[in-house]
Amino acid sequence: MHRSLFNILSGRNTRQGLWGLPLLVALLISLWLTVETTQFATAENLFNLVAQAMPLIIAAIGQLVVVLIGGLDLSVGSVISFTTAVLALDQPAIVLIPAVFLLAALIGLINGLAITRFNVHPIIATLSTQYIVLGITRILRPVSGGTVPEIVIAAVSGSFLGIPYPVFWGIVVIVAAWKLLYGSRYGLHLFAIGGGIASGAESAARNFGVSDRRNIILAYMVCSCFAAVAGVFLAGRIVSGDPNVGLLFELDTVTAVALGGTQLSGGIGSLHGTVIGALVMALLANGMNLANVSPFVQTAIKGGILLAVVGLQSRKKMGL
Amino acid sequence: MAAVLANPITRRLLRIPPSYFVFLVLLATLWIARPNMLNLNIMGIFIRQIVPLGILVLGQLVVMRVKSIDLSGGGIILLINYFISSGSFPGASLPFFVVLALATGLVIGLFNGFMIGNRRVSAVIVTLAVSIILVGLVQFLSSGNPPGDVPKLFNDLYNTKFLSVPTPVLFWILLTAAVSLLLSQTVFGRYVASVGENAEAAHFSGVPVQRTVILAHTLAGLIAAIAALVQTGSIAVGSVRVGLDLPILAVAATILGGVVFGRGDGGVWGPFFGALCFALLFVVMTVLGIDEPGKLIAQGVIILGAAIFYGVRVRTP
């Protein structure tokens, strides 16, 4: 028992990575905010916090799926902006909502195909789709504006039994991701492929009959679809389409994933770690806002955290 | 498909960097659309605008030869522009600013190199994070407003001409030749080539892999500082947005020039033409009336296309 607790806290000998420590950090920040400020520990601020954290939690779960197979998706931010722009196109919701997910899946498919079929490095492939999608978004909506369908706005702003809808969004997304990663054959395959790639044996999973190409393509499609869910949520919050809403979001998701103890080289990581990582980011933003820290400094601090958490992970090989 | 790729003539053609083809296509497009624009004076102005990018490409190609990447150029350019334009160093002379810029680039490049070579952190993450920190810092120091004016001497130097060729363009060509000599004639150049080809084999052959990677990144930082000086001379004012899209364009130009993670088929002149392609591309797009979103899409398509071009080539046995 003592040994396993130590392993969880240190992240040693585990597939889940180091997630105990970020949980501790999250608790410490909450404790500090509760003591230091009177506004923090109110139901209103906490529900607000959940609503603020939700897009990051959703998109970070998508990023986790890709990171688990040793990839990285830098197009997440653009897909989020793109989703809000498409939703504000002034068409009926019955057309727009399926369209958003189809388009996101298409972007993921292009990423996956470029990576698996054409041998392009994941970072280069997703970097180029980031630019292409951003360009299309700016054509659709040069500046923020338009209105999203009523149903999207209603889905994020109401409450049920005194609990605001964003909390339910979180529960649904996390349960779905839990089922995908830990309750399905696909999740098992993800860990198998990632573990092989991390230890330098790219063909390990294939040798055991796991189709790596198809699963990797699917991972990028899942990631883009999660980004689209985050985009729908954000569109409901800001009520309009905004081409810049997802700017630098991909780096926040990478920070959240890495903060949650997931190894960027693949194969090691956990859903709960990622959710905790995203919560830590949201808590920090909340705390810095309450402490009136300049938004520019907040950006710099986020960059510093990214550098620190990724810098602390040791890797076997140098590279991208 | 496979048979075509295995054909010796196709394989020979595939070894030529895509930048040469793209350059010719763009030149032909411009010649058809606006033949009167193809004179030395107008082209000189367009090419002069691309010089900061062209210089940044030189650093990018060195780090990409050792299978790394440097996206921190935007932050370095912004920080140096801030140093020069904010008036924090009243009465400072040009040599002082040059030394300050080079020292800044050196320190940031060394830090990147240490994190990537020694700590083995993902190069994209490190350099992006460094860039974000620097941009956040500069925007905080200048409270989001453009800082101030640049000493007049910078712009005067930038506007000089030598035998009717703009000096910045000449400087770019000389610097490119210097990097070309560095990579082809020195021990460091050999190390860079061998680390890019196979880091493990290089290590077991006695090549100091880690030191080579750190040096490559330090060099890239220095070159980014030079690009920052030229960029500051070109816009002649302080800015909080200048140069932010340059690193990604530099990656695109380098890939277009046939230098992709570890492979250096394009040498130094392939990426040189890659940068020239972007000079022409912006002219062509302006002529055809395509705005900023179209440029973003073109950048993405070029990076993806060039990377696929390379990926297909590697696949062939």
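Both backbone and side-chain heavy atoms feed into the values below; hydrogens, waters and symmetry mates do not.
Annotation for B:Ile297 and A:Gly135: closest pair CG1-CA, 3.6 Å, computed over non-hydrogen atoms. Minimum interatomic distance between B:Phe140 and A:Phe296 (heavy atoms only, all atoms of both residues): N-CB, 3.7 Å. When all heavy atoms of B:Gly300 and A:Ser128 are compared, the pair lying nearest together is O-CB, 3.1 Å. Closest non-hydrogen pair, A:Leu306 versus B:Ala129, comes out as CD2-CB, 4.0 Å. Closest heavy-atom contact between B:Ile133 and A:Ala300: CG1-O, 3.5 Å.
Between chain A and the residues B:Ile248, B:Val126, B:Ile302, the most heavy-atom pairs under 4.5 angstrom are made by B:Ile248.
One finds the CD1 atom of A:Ile124 at 4.5 Å from the CD1 atom of B:Ile69 (value rounded to the nearest 0.5 Å). Atom CG of B:Leu304 sits about 14.0 Å away from atom OH of A:Tyr131, to the nearest 0.5 Å. Between the CD1 atom in B:Ile132 and the OG1 atom in A:Thr255 there is a gap of 7.5 Å [rounded to 0.5 Å]. Between the CG atom of B:Leu296 and the OG atom of A:Ser78 there is a distance of 9.0 Å, given to the nearest 0.5 Å. The line from CD1 of A:Ile139 to CD1 of B:Ile290 is 9.5 Å long, rounded to the nearest 0.5 Å.
Proximity to chain A is absent for every atom of B:Phe114, based on heavy atoms less than 4.5 angstrom apart. For A:Leu72, the part lying near chain B is the side chain, with the backbone staying farther off; criterion is any non-hydrogen pair under 4.5 Å. For B:Ala199, no part lies under 4.5 angstrom from a heavy atom of chain A. For A:Leu251, the part sitting under 4.5 Å from any heavy atom of chain B is the side chain, from C-beta outward, and nothing else. Within the 4.5 angstrom heavy-atom criterion, no atom of B:Leu134 approaches chain A.
For the pair A:Thr299 and B:Val135, the minimum side-chain heavy-atom distance is 4.5 Å or more. Looking only at side-chain heavy atoms (C-beta outward), B:Val124 and A:Leu127 stay at 4.5 Å or farther from each other. Counting heavy atoms from C-beta outward, A:Val254 and B:Leu128 have side chains that stay 4.5 Å or more apart.
Remark: B:Lys295 NZ is packed, more than 12 non-hydrogen atoms of other residues, nucleotides or ligands lying under 6.0 Å away.
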